[in-house]
Structure formats: structure tokens, C-alpha cells
Colleague: 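Got a structure for you, written out below as C-alpha cells; questions coming shortly.
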Protein chains: 2
Amino acid sequence: MYFVYNLVMVESNLDKAAPESGSEELQVLRTSSLTGVLERELQNLILTGNLKPGQKLNEIKLSERFGVSRGPLREATRALAARGLVDFFPNRGVFVRSIPFDEALEIYDVRAAVFGLAGRLLVDLVTDDMLTKLYGFVDTMDALARDKHFESYYPVNLEFHQFLIGSTRHKTLQTEYNHLVNKLHLCRAKALVQPGSLALSNREHREMVDSLASGDKLRSQEAFFRHVERAKRRLQAALKETENASFGAE
Amino acid sequence: MYFVYNLVMVESNLDKAAPESGSEELQVLRTSSLTGVLERELQNLILTGNLKPGQKLNEIKLSERFGVSRGPLREATRALAARGLVDFFPNRGVFVRSIPFDEALEIYDVRAAVFGLAGRLLVDLVTDDMLTKLYGFVDTMDALARDKHFESYYPVNLEFHQFLIGSTRHKTLQTEYNHLVNKLHLCRAKALVQPGSLALSNREHREMVDSLASGDKLRSQEAFFRHVERAKRRLQAALKETENASFGAE
DNA sequence: GTTTTGTAAATTGTCAACAATATTGTCCAA
DNA sequence: TTGGACAATATTGTTGACAATTTACAAAAC
């Protein structure tokens, strides 16, 4: 048997033409080809850091590791290359993409724009329940930042952002946003944020929720936008600091 | 011989590690694999409409047409699938993606956000020369709209937008923006804009340039954003009209 | 000691054959 | 005629083999 479908195939009343792309079952099937599985598997390895930026993906070794031939593997890496997670160099091989600082900063800009759109859209979608939940997130993070529980802060922070993005009910926005965040994982200097900036960052979170409550679309868009832009600035500052530090150490 | 390189290979002083992704020569080489050529070729066929949304890409016929085997062709289609230009259905084949209206509207939203970012960034980059050039575009379009030279309007309109995006000197923005625009080409109802809205649209263009001249980032971002959102609204309206028309015709 | 050069090994690029699945068309029965 | 089983065909999925290229390494030249 060639494929192991994750879900049972549903009866499809498709005519010969292209199936309507909105069809949910087929989206599931689509991810179930061997190539699709490999693509997801490799993406996980990359995003979890098992495959590190700059590392080479050896076709033979990987195909042996997964127990498949090189064909589907190459198709999977081509897909990852198209999505910017790996680099393809003819006759040299495939390498996990290593995103330089300049590009990371650019990604922050686009991410800010998309996140700002989320803020703008959410004004029309926000409910009282959502607001209390959001303020709950912010209060929790305030407490964690005050007590310096840095390890606990990040998961809550992530959940907060994911809840916001998910609440937009805007598939394209969600997809694009996640792609941008994924790419930022491939930047070496991602984990340079200093603990002191946590309280600062959370003040921005509160302003974001306040702006949602205010019902002012422009204010909300700008609050969301600036939050990401300031995160960018914080990374930039941390970067400069380590540069100076390493310069002083020489 | 396997490859026909577009440019001669330049001497590369690379160590064994992954080549720095910024290196320009390698970017050129990267596009020169057989798969890369096929990918570009297929993309052209799709974006020019030679391959229409919903149409099937037969592997055998295409491989014969291009004189290559199915392997590289499949890799190329996988890359296109990852970029959302085609749909992959296991055991059924590859189809040119047909973007439904709902998704097209969503794409307009994200495009508005990215275009708004362009407006925000350009405030800091705009020069007097650019402003006169931009006003020139707007004046030209005003004249063409007044004289109802609709065929001539669109190329100028396109050039105007491309000039703006290109002037940002922001690679990530440019890439993302172009991807979004490409995707919109795959929506059946793209060419429904009514001639009457041209003058309206160009009024927004003038406001965009005015806002750039004003030096007000927020105003500029909002002007750029709203221009795309209004284009979306115009498409929406045109869509509803044809719906009513076909409904009335029944 | 360093650089260059040439050969062997490893790796990537491509192809063609085969297996599995989907599609088409035909025959038969109701 | 219509509808369903069934065979024939077409198409996709996967694999392994071979060609071309790069890389690694050792020997020779400076």
C-alpha cells in the first residue's frame, strides 16, 4: 500500500474538473501523500531546532532515516525551499535556511503590518468574554514579569498572541502570520531578549487590549503594529549590545 | 551536460559550510536547475492565463512538452503548490489553483496591510524627484480616466504601484506583496472593475502621494491601506451586481 | 610549509521502469 | 434506456540505476 491516510477517505462526489479548493476533506488528503508527510516531518525538525540553520540536508542519509527513496524527499525539500525554510544550491545540496539579521528585521516589519491588520479586524469581532480573557492573559503576564518567572512568561505570551490571531477568523491572515513567525525561528539571534523588557512588552499588551475595548480601529491597528515594531527594536538593541560586548572582549 | 547556467560561474571563496544566503551569484545559480526553470516556466503559463484556474497539469504531457522526465516536473509542481499557485490532490493530480471569492477578499486585506506598510516606510524615503514622478503618474491617469482611455490606464496604474513598492527597498515587503498580487490573478472575478471607478481610484492615488508629501507616517499608511480596501469594496460591489444581473436573467 | 593538481569517493541530477490508484468505456441485467 | 459490475486504459506514486558534478584527499610542485 502506498499511502496511510490520516483520516478515512470520505465519499467524494466530485466531477472530473478540479475539486473545489474549499473542500475540507481533500485538504486532509492532500497532506497525506508520502511527500506531504516528509514535508511536515522536515518542517518540524527544522522549527524545533533538530535541524539547525546552515545545516545540510543529505538526501541519502535522510531517505535512509525515513525509509523512503530520494524522489519524494526531494519533492518535500523543494516545497520547503519554496516556503523559504531551506535553501537550494544546484549540485551542492539543500541547507536549512539561516536568516540574516537584516532580513529578520524586515520580517518584523511585515509581521507588524499583518498583526496590525489583526488589531483592526478584531475591533469588530471582540466580545466581552474575549476582553475578560485577554485582560486575564495580561494580568497573568504582569504577575509573572513582576515575580521574574521568565520561563513561565513565554508560553503565556505565545498563547496570548495565538489567541488574538486565531480570533480574527481570517485564514489568509493566520497563514501569512504563521509563515512569518516560522521564518523568524531561523534567525540565529532570536533569543536575545532581555528579561527587563518583559514588563515593558506587557504594557504594550495592555494598551492593545484597551484599544480593542475602545472600538477605535485605527488606534487598535497602530497598537498592534507598534507592539511588533518595538519587539523588533528590542531585538535590535540586544543585538547591538552583544556586538559591543564581543567587541570589548577582543 | 546537465545545466545551462545563465551567467558564468564566478569564483567562490566558500568554506564547506552553508553558503551565505546573501551571495548574489548563488542566487542566480539557484534558479538555473532544470527544476527551477520548469518552475518559472509553469508559473509564467499560469500567471499569463495559458494555464487557466481549475485546469489539470498532466505530468506526462507536460514532461513531453518540455522534453524532460517527470521527476523534475513533479519537483517544480510541488514548489508551486507550496506557494499556493496549484493544488495537489493525491492520486488525482495537480490543478491550477482557483481562488474562491471569499479568499480573494481575504487576500485583499493582507495586501492592504502590506501596502500600508509601504506607505508608512516611504514617508522616510521619499524625495522631491520621486514626488514629481508620482504626481506625474497621477496626472497621466487623471487624463486617461477623463478621456476614457481605459486600456491605457491599467499599465500606468500598474507601473505606479510597482514604482511605489520598488521604492521601499524592502525585499521582504516586495516579495510578499508580489505573491499576494499573483494569487489574486487566480481569482476568476478579477476583471470586473467598472470604468466609472477609475477616477475614484485615482483620487485615492493623489491622496496617497499627498500623504507622502505631508511626511505623516500614519496618514500615509492609512491612505495606502484604504486604497486597497476600497479596491476590494469595488470588486465586491461589481460581484454583487453580476450576481443580481444573472439572477435577474434567470 | 604552502599551494596546486589529479584522482577517488560521495552526492546530486535525471531518467526510465514498475507498482498502485484513478478513470474510462463496455457489457450485461433490470 | 438506465444502472452497476468489470475489464482496459491512463495517470500518478515510488523506486533504483546511471550520469554529472562536487567534494575530499593525497601526491607533486614550488
Side-chain angles (χ1 to χ4, degrees), chain A residues 1-5 8-19 25-26 29-39 41-42 55-81 86-96, chain B residues 1-5 8-19 23 25-26 29-39 41 55-81 86-96:
Chain A
M1 197 208 299
Y2 270 129
F3 301 120
V4 180
Y5 292 124
V8 288
M9 167 112 87
V10 295
E11 194 177 1
S12 61
N13 50 357
L14 303 161
D15 311 314
K16 55 221 160 191
E25 316 87 85
L26 287 164
L29 285 180
R30 178 191 164 193
T31 62
S32 310
S33 71
L34 183 48
T35 301
V37 173
L38 289 173
E39 188 183 335
E41 209 60 40
L42 286 174
Q55 190 172 342
K56 178 167 183 178
L57 303 187
N58 185 303
E59 288 183 5
I60 296 173
K61 286 175 185 167
L62 278 177
S63 64
E64 283 171 355
R65 172 173 174 177
F66 288 119
V68 299
S69 71
R70 285 169 52 219
L73 193 76
R74 281 176 63 89
E75 290 179 18
T77 55
R78 282 288 181 181
L80 292 175
V86 300
D87 269 329
F88 220 103
F89 299 96
N91 290 321
R92 306 268 324 276
V94 184
F95 300 82
V96 179
Chain B
M1 195 208 299
Y2 271 130
F3 301 120
V4 180
Y5 292 125
V8 287
M9 166 111 89
V10 295
E11 191 177 3
S12 61
N13 50 355
L14 303 162
D15 310 315
K16 56 224 159 186
S23 168
E25 315 87 84
L26 287 164
L29 285 179
R30 177 191 165 191
T31 63
S32 312
S33 72
L34 183 46
T35 301
V37 174
L38 289 173
E39 189 182 335
E41 210 59 42
Q55 190 171 342
K56 179 167 182 180
L57 304 187
N58 185 303
E59 289 184 4
I60 295 173
K61 287 175 185 165
L62 279 176
S63 64
E64 282 171 355
R65 173 172 173 178
F66 288 118
V68 299
S69 70
R70 286 168 52 218
L73 192 74
R74 282 176 62 89
E75 291 178 17
T77 55
R78 283 287 180 181
L80 292 176
V86 300
D87 269 329
F88 221 103
F89 299 98
N91 288 321
R92 305 268 325 274
V94 184
F95 300 82
V96 179

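Computed over heavy atoms, backbone and side chain alike; hydrogens, waters and symmetry mates excluded. Within every chain, numbering begins at 1; the chains are lettered A, B, ... in the order of the sequence lines, protein sequences first and strands thereafter. A quick note: this is a predicted structure, and the numbers were derived from the prediction, not measured.
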Colleague: Roughly how many Å is it from CG in Leu57(A) to P in dG13(C), rounded to a whole number?
Modeller: 12 Å
Colleague: How many whole angstroms separate atom NZ of Lys61(B) from atom C1' of dT9(D)?
Modeller: 13 Å
Colleague: Could you state the CZ-C1' distance from Phe66(A) to dG13(D), rounded to the nearest angstrom?
Modeller: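 For the pair Phe66(A) CZ and dG13(D) C1', the rounded distance is 18 Å.
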Colleague: Looking only at side-chain atoms of Ile60(B), point me to the closest of dT15(D), dC15(C), dT12(D).
Modeller: dT12(D)
Colleague: Please state how far atom CD in Glu59(A) lies from atom P in dT21(D), giving the value in whole angstrom units.
Modeller: 16 Å
Colleague: Taking Val68(B) as the fixed residue, which of Leu34(B), Thr35(B), Leu62(B), Val37(B) is the one that meets the side-chain contact (heavy atoms from CB on, under 4.5 Å) rule?
Modeller: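 Exactly one pass, corresponding to Leu34(B).
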Colleague: What is the distance from atom CG of Asn58(A) to atom CZ of Arg65(A), rounded to the nearest 0.5 Å?
Modeller: 11.5 Å
Colleague: Of all of residues 70-77 of chain A, which get a heavy atom below 4.0 angstrom from DNA chain D, listed by number?
Modeller: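 Of all residues in residues 70-77 of chain A, the ones placing a heavy atom under 4.0 Å from DNA chain D are Arg70(A), Gly71(A), Pro72(A).
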Colleague: Arg92(B) and Lys56(B): which non-hydrogen atoms are nearest, and at how many Å?
Modeller: O-NZ, 3.1 Å
Colleague: Is there a side-chain contact between Asn91(A) and the phosphate of dA20(D), meaning an N or O under 4.0 Å from OP1 or OP2?
Modeller: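 Checking Asn91(A) against dA20(D): no side-chain N or O falls below 4.0 Å of OP1 or OP2.
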Colleague: Side-chain N or O of Lys56(B) versus OP1/OP2 of dT23(C): is the shortest distance under 4.0 Å?
Modeller: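 Looking at the OP1 and OP2 atoms of dT23(C), neither is under 4.0 Å from any side-chain N or O of Lys56(B).
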Colleague: Which whole-number value in Å describes the distance from Asn58(B) CG to dA22(C) P?
Modeller: 16 Å
Colleague: Check the distance between dA20(C)'s C1' and Arg92(B)'s CZ and give it to me in whole angstrom.
Modeller: 16 Å
Colleague: Which heavy atom in Val96(A) sits nearest to a heavy atom in Val86(A), and how many Å separate them?
Modeller: CA-CG1, 4.2 Å
Colleague: Please report the interatomic distance CD(Glu39(A)) to OG(Ser33(A)), rounded to the nearest 0.5 Å.
Modeller: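 That separation rounds to 8.0 Å.
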Colleague: Whole Å only: how far is the CG atom of Leu38(B) from the P atom of dC15(C)?
Modeller: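 Going from CG in Leu38(B) over to P in dC15(C) covers 9 Å.
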Colleague: Rounded to the nearest angstrom, tell me the gap between atom CG in Leu62(A) and atom P in dA10(C).
Modeller: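 Value for this atom pair: 18 Å.
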Colleague: From Leu73(A) CG over to Leu57(A) CG, what is the distance, rounded to the nearest 0.5 angstrom?
Modeller: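 Answer rounded to 0.5 Å: 8.0 Å.
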Colleague: Looking only at non-hydrogen atoms, find the nearest pair between Pro90(B) and Phe88(B) and report the distance.
Modeller: CD-O, 3.9 Å
